[in-house]
Amino acid sequence: MRMTFLSARRYALVATAVAVLAACASRQDLREGSGRMGGFTDELIQPGLYAIRAVGNLPFISAHTTWERRANQLCGKGQHVPIELGGRRQANAPFVAYVQRGTVLSLPTATEYVEGYVLCKASPLQPAEAVRYVEALPALRQQQLTARLESDLEALGGGDCDTPPARDAAETFYRRGKVLLALARYGQAHGCLMKSVATGPSAATYVDACAALGEMHERGWGVPADREAARQWFVRAGLL
């Protein structure tokens, strides 16, 4: 009878600890630090329209539970409409809890992710408008990214690397090359990176420029795909 009581007490302690961890995880803003048991991030993208990403660590807390709780915090309990929810799960190593000396509890765990959008009922947007905005969001964000990259490139002196910059040539050529890569302007990116490498291995950006050139040859970006050429650039970068 005494063993039964102790066993029940130990498992009650475990259940209490799990409940506390789960409650904390469901309220952990991941922008403020990594939550081992899970948490959330959110972004206001239109008045009353939020993007939410929730992470859960099963069996302690479900990402769906965290997602729902955060939606209730943002909009009020039950005052939201979910839009385009999606998720995935990946297996983790077993979680081992040391409850008391000589008592170990091992539980299999899995990390669960749920991503989606929530429209607060108080939003001036109608659900159909929110859906259209969400559907157009990837293209809009790509346009914004392209505009920001073009602005960065202009500040660096543009994509023409035939004329050397007034100072810090290796770094400027490298930074131009990386921006051009992000813009998928591979021919110009290759020219700028080659100019950066040509300044010599003493340059601070030499290794990174060699690595970028290796990736371009490996993937066939702006140059014929050539695994041997890629290998040589990776060797120069010290990666092989």
Side-chain angles (χ1 to χ4, degrees), residues 12-95 97 107-155 178-179 181-184:
L13 288 171
V14 172
T16 301
V18 168
V20 170
L21 288 170
C24 292
S26 66
R27 293 167 174 79
Q28 172 67 49
D29 188 335
L30 296 178
R31 291 166 299 191
E32 299 174 357
S34 60
R36 180 173 178 180
M37 302 303 298
F40 64 85
T41 59
D42 58 71
E43 177 189 3
L44 176 65
I45 56 177
Q46 283 285 294
L49 178 62
Y50 295 87
I52 303 177
R53 182 177 189 268
V55 181
N57 199 327
L58 300 174
F60 301 103
I61 189 68
S62 162
H64 286 82
T65 300
T66 299
W67 196 97
E68 187 67 26
R69 284 180 177 172
R70 185 54 182 164
N72 285 334
Q73 289 170 353
L74 293 170
C75 300
K77 188 172 183 179
Q79 298 300 306
H80 62 272
V81 178
I83 300 172
E84 287 195 10
L85 283 178
R88 62 188 187 279
R89 182 180 298 181
Q90 64 187 36
N92 287 343
F95 174 86
L107 297 172
T109 66
T111 300
E112 183 182 41
Y113 304 86
V114 173
E115 298 173 322
Y117 300 88
V118 61
L119 178 67
C120 299
K121 292 181 179 179
S123 170
L125 293 175
Q126 295 298 312
E129 292 177 300
V131 169
R132 287 195 296 271
Y133 187 85
V134 167
E135 290 173 344
L137 193 56
L140 176 61
R141 286 186 166 168
Q142 184 58 50
Q143 291 173 2
Q144 293 171 339
L145 174 61
T146 298
R148 186 165 65 251
L149 290 170
E150 292 284 5
S151 177
D152 291 344
L153 186 60
E154 186 65 26
K178 291 295 286 185
V179 174
L181 272 178
L183 289 167

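What you see is a predicted model, and the numbers here were worked out from it, not measured in a lab.
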How close do [X] and [Y] get, counting heavy atoms only, and between which atoms?
X     : Y      : value
Ala63 : Gly56  : CB-N, 3.6 Å
Trp67 : Pro82  : CH2-CB, 3.9 Å
Asn72 : Lys77  : OD1-CA, 3.5 Å
Leu49 : Ala130 : CD1-CB, 4.2 Å

Is any side-chain heavy atom of [Y] closer than 4.5 Å to one of [X]?
X      : Y      : answer
Leu125 : Tyr133 : no
Glu68  : His80  : yes
Glu112 : Ser62  : yes
Gln73  : Asp42  : no
Leu140 : Gln143 : yes

Next item on the list: Take atom CD of Glu129 as the centre, draw a 6.0 Å sphere, and report whether it contains more than 12 heavy atoms from other residues, nucleotides or ligands.
Entry: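 Yes, because the 6.0 Å sphere around CD of Glu129 holds more than 12 heavy atoms from other groups.
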task = Please step through side chain to side chain contact (heavy atoms under 4.5 Å, CB included) for the pair Ile52 and Leu74, ending with a clear verdict.
result = CA-CA 10 Å; Ile52 303 177; Leu74 293 170; 3.9 Å; yes
Please report the interatomic distance [atom1]([X]) to [atom2]([Y]), rounded to the nearest 0.5 Å.
X      : Y      : atom1 : atom2 : answer
Arg53  : Arg70  : CZ    : CZ    : 15.0 Å
Leu137 : Gln144 : CG    : CD    : 8.0 Å
Thr146 : Leu153 : OG1   : CG    : 12.0 Å

Quiz prompt | Backbone N/O of Ala147 and side chain of Ser151: donor-acceptor pair under 3.5 Å | solution =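 The answer is no, because no donor-acceptor pair under 3.5 Å joins these two groups.
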Between the main-chain N or O of Pro47 and the side-chain N or O of Ser123, is there a donor-acceptor pair closer than 3.5 Å?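 Yes; at least one donor-acceptor contact below 3.5 Å.
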